Amino acid sequence: MGRYFRRKLLIYGLTFVIAVSINFAVPRLMPGDPVARMLTRNSVANVESSEAMRGYFNELFGLDVPLWQQYFNYWGALFRGDLGVSVFAFPSPVATVVADALPYTLALLLPSILLSWFVGNALGAMAARNKLLDNGALPIGYVLTAVPYMWLAILLAWVGGIILGWFPVAGGYSFALTPAFTWTFIVDLVHHWFLPFLSLFVVALGGWAIGMRNLVIYELESDYSNYLQALGAPNRLVRRYAFRNAVLPQITGLALQLGVVVGGALVTEVVFAYPGLGSLLLNAISSQDFFLLQGILLFIVIGVLVFNFLADVVYVLVDPRTRLGLEGGQS
Amino acid sequence: MSAEVVLQTERIGRRHEHLYFALRNPKVAIGLAIVLALLLLGLFGPFFLSDSPNEYVGPKSEAPSGEYWFGTTYFGQDVFTQFVHGLRSSYLVGTLGGGISFVIGLAVGFTAGYRGGMVDEVLNMITNVVLVLPALAVLIVISSYLEVRGVVSQAVIIGIFSWPWVARAVRAQTFTLANRDYVDLARLTGKRSWQIIVREIMPNMASYLLMSMILLFGGAILFAAMLDFIGLGPANAVSLGTMMQQSMAWSSLHLGMWWWFVPPGLAITLIVGALYITNVGLDEVFNPKLREM
């Protein structure tokens, strides 16, 4: 078990280092001078003020020292929690801007990921070796996994928000209300939350259902299932054993799918103008706010790594083989 | 000599068998038909329509009609023309992005699985790191820094970040295949490593490779659509993702212009969904256990 966790932590640590290095390297490696680009964007015509701005940006990026020193300075600033100042929400620091948006994204992501995982797995297990359900569930599942996240979000907003008029199609809460811990505000919050949540939930559902169906069929064909059946064990018992074995790869799958689901959440938020990281990202891109952009990437990476680690812990709890250092948990 | 001839005919026979079952498998047939139909539309459609999909040709915000099959946009651009051009760039991104990640995944997977030892440790570590990295977020940061965004550059960066699961699977399969007797035999004859990999190991996982190529193709299309939708699409071309982005940006939802945002999303769903269904069908073709007789 110790080896398993050491390996995992090494991978996560490396991933973090690489993500930070990407943040550091991309602006410096891209063709052209980032400072010059920022200056042209601000379209400063006056030579004197352009020189002053150049000096300012050079200092801001810390570009006047050698590259290796820039790299260490970058890490140093990171550990002090200094992600730079947001241009889009000037003069708030990036860390605060991102932290303000984070709860909304988490409130969308966590329930939709977990719920779709549970419901999808249950559906898939039921559909396995069940002709009637299988023929209905399988095609729907494949279509759902193929739907681009934002398209389903658009369709839901169109049907539920515009045609039926049941749900609001934009924002995290009504502009008439101020955030407060009151009953009306919470109801309003949930009202705005429902459609983006539903959209994320539905898209992810299909993949889990299909995966579980295939895994359960595979388990039902294995020797222990046949043996149990030969002993005359009730069908439900055999299926329960098959299900418990089939859940293991799905836990690993949950961690692996996370990056995709986070991406889905970003575009879904853009559709609904939901005030989470996705909308922030859009603002950062449209206002060329690179510090904010990199801050968001960093937060996402940290979130994904933490969640991955949690999935590993759950895996160890569920699968005794990893605990005993036998096969099973793959790094 | 006669043995060789028998071997030859057997191999041809096997291939025909796969083709035979593939063409008779309804899933493969339907899936491929959809993918090919849309591909042909994307390839040849632009020759019959206007060259510039962003041209203002008709009345503004018009519903689909005989003249404008998919209606017009808020600015009076023909949605059908944009759609056909968008299909073209989607297929291009899928082919190029999927192709690049396929090549990287194969190279890493075969090298790690066949060499083993230290090389494997390092490559496996890299694979796992890229696997955990949230691809879309990284892609967003990189492409937001690109000076000129085009379909090709987008496909390249998508390809660079979506190979790890293929590498992992190929590595695992290579591990088991590399210790088979016929591979040892090939090694004894003094063949080079890459020859053994290409001639002895690769054919035994050809079906798997074909299927992962299909999945990578679909995945690249979805990734590109998401990037385009966030506003990081190609600057000089129309894609299905930028169509959706434009329709959202000009509040087609509130104006009820469904013909603007339904076709592009539907096309992506159709392409990717048809690819998945083809994949399931191919699985049945290559794996006789799954065939329904």
Side-chain angles (χ1 to χ4, degrees), chain A residues 10-12 14-15 18-19 22-23 26-27 30-32 34 37 138-139 142-152 154-155 157-158 161-163 169 210 221 255-256 258-260 262-264 266-267 270-271 278 281-282 284-286 288 290 293-294 296-297 300-301 303-305 308 331, chain B residues 124-126 128-147 164-165 168 172 218-219 221-223 225-227 229-232 240-241 244-245 247-248 252-254 256 258 261-262 264-266 268-277 279-280 283 289-290:
Chain A
L10 179 63
I11 289 170
Y12 298 152
L14 260 180
T15 310
I18 286 177
I22 288 176
N23 262 348
V26 165
M30 281 295 161
R37 204 177 318 144
L138 207 58
Y142 279 111
V143 170
L144 284 185
T145 43
V147 171
Y149 278 93
M150 59 278 183
W151 192 57
L152 191 77
I154 295 174
L155 287 188
W158 181 46
I162 306 287
I163 295 181
V169 292
I210 292 169
E221 272 167 11
L256 292 183
L258 202 64
V260 179
V262 170
L266 295 180
V267 291
V270 169
V271 171
L281 199 69
L282 195 68
I285 292 169
S286 57
Q288 306 278 359
F290 292 118
L293 207 59
Q294 297 178 350
I296 295 171
L297 171 69
I300 290 175
V301 169
V304 167
L305 292 182
N308 262 283
S331 50
Chain B
N124 194 25
M125 197 59 98
I126 295 174
N128 278 321
V129 166
V130 182
L131 197 64
V132 184
L133 219 54
L136 190 74
V138 177
L139 291 182
I140 287 171
V141 168
I142 293 180
S143 48
S144 68
Y145 272 105
L146 286 178
E147 288 272 271
W165 64 267
R168 232 163 96 126
I221 290 180
L222 281 179
F223 259 135
M226 294 220 271
L227 278 178
F229 184 71
I230 285 184
L232 296 171
L240 297 174
M244 280 192 265
Q245 187 233 344
S247 80
M248 280 286 105
S252 62
L253 261 184
H254 298 275
W258 53 268
F261 57 78
V262 169
L266 189 64
I268 296 174
T269 311
L270 275 177
I271 296 172
V272 181
L275 285 173
Y276 287 166
I277 288 171
N279 229 3
V280 180
D283 207 10
K289 261 195 210 164
L290 297 172

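This is a predicted model, so every value here is computed, not measured. Reminder, nothing fancy here: chain letters follow the sequence lines and each chain counts from 1.
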Portion of [X] that has a non-hydrogen atom of chain B nearer than 4.5 angstrom:
X	value
A/V262	neither
A/I154	both
A/L155	side chain
A/L293	both
A/L258	neither
A/T145	both

[X] versus chain A, heavy atoms under 4.5 Å apart: side chain, backbone, both or neither?
X	result
B/V262	both
B/L222	side chain
B/L266	both
B/M226	both

Hey, what do you get for [atom1] ([X]) to [atom2] ([Y]), rounding to the nearest 0.5 Å?
X	Y	atom1	atom2	result
B/L275	A/Y142	CG	OH	12.5 Å
B/T269	A/W151	OG1	CH2	4.5 Å
A/I18	B/I126	CD1	CD1	7.5 Å
A/I285	B/L232	CD1	CG	4.0 Å

Do [X] and [Y] come within less than 4.5 Å of each other through their side chains, counting heavy atoms only?
X	Y	result
B/M244	A/V271	no
B/H254	A/V169	yes
B/W165	A/L256	no
B/I140	A/L297	no

So which of [options] has the largest heavy-atom pair count under 4.5 angstrom toward chain B?
options	value
A/A284, A/S286, A/G263	A/G263
A/L281, A/L266, A/V143	A/L281
A/I296, A/V304, A/I162	A/I162

Q: Tell me, with the steps shown, if B/L133 and A/I22 meet side chain to side chain contact (heavy atoms under 4.5 Å, CB included).
A: CA-CA 11 Å; B/L133 219 54; A/I22 288 176; 4.1 Å; yes

Q | Closest heavy-atom pair and its distance - B/I230, A/L282 | A | O-CD1, 3.1 Å

Q: Identify the heavy atoms of B/G265 and A/P148 that sit nearest to each other, and give their distance.
A: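 Of all heavy-atom pairs spanning B/G265 and A/P148, the closest is O-CD, 4.1 Å.
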
Q | Option that, when pairs with chain A are counted at under 4.5 Å, heavy atom only, ranks first among B/L136, B/V129, B/V272 | A |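 Highest number of pairs under 4.5 Å: B/V129.
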
Q | Those residues that, when tested against A/I163, pass side-chain contact (heavy atoms from CB on, under 4.5 Å) (two or more places apart) | A |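 Expected list: A/W158.
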
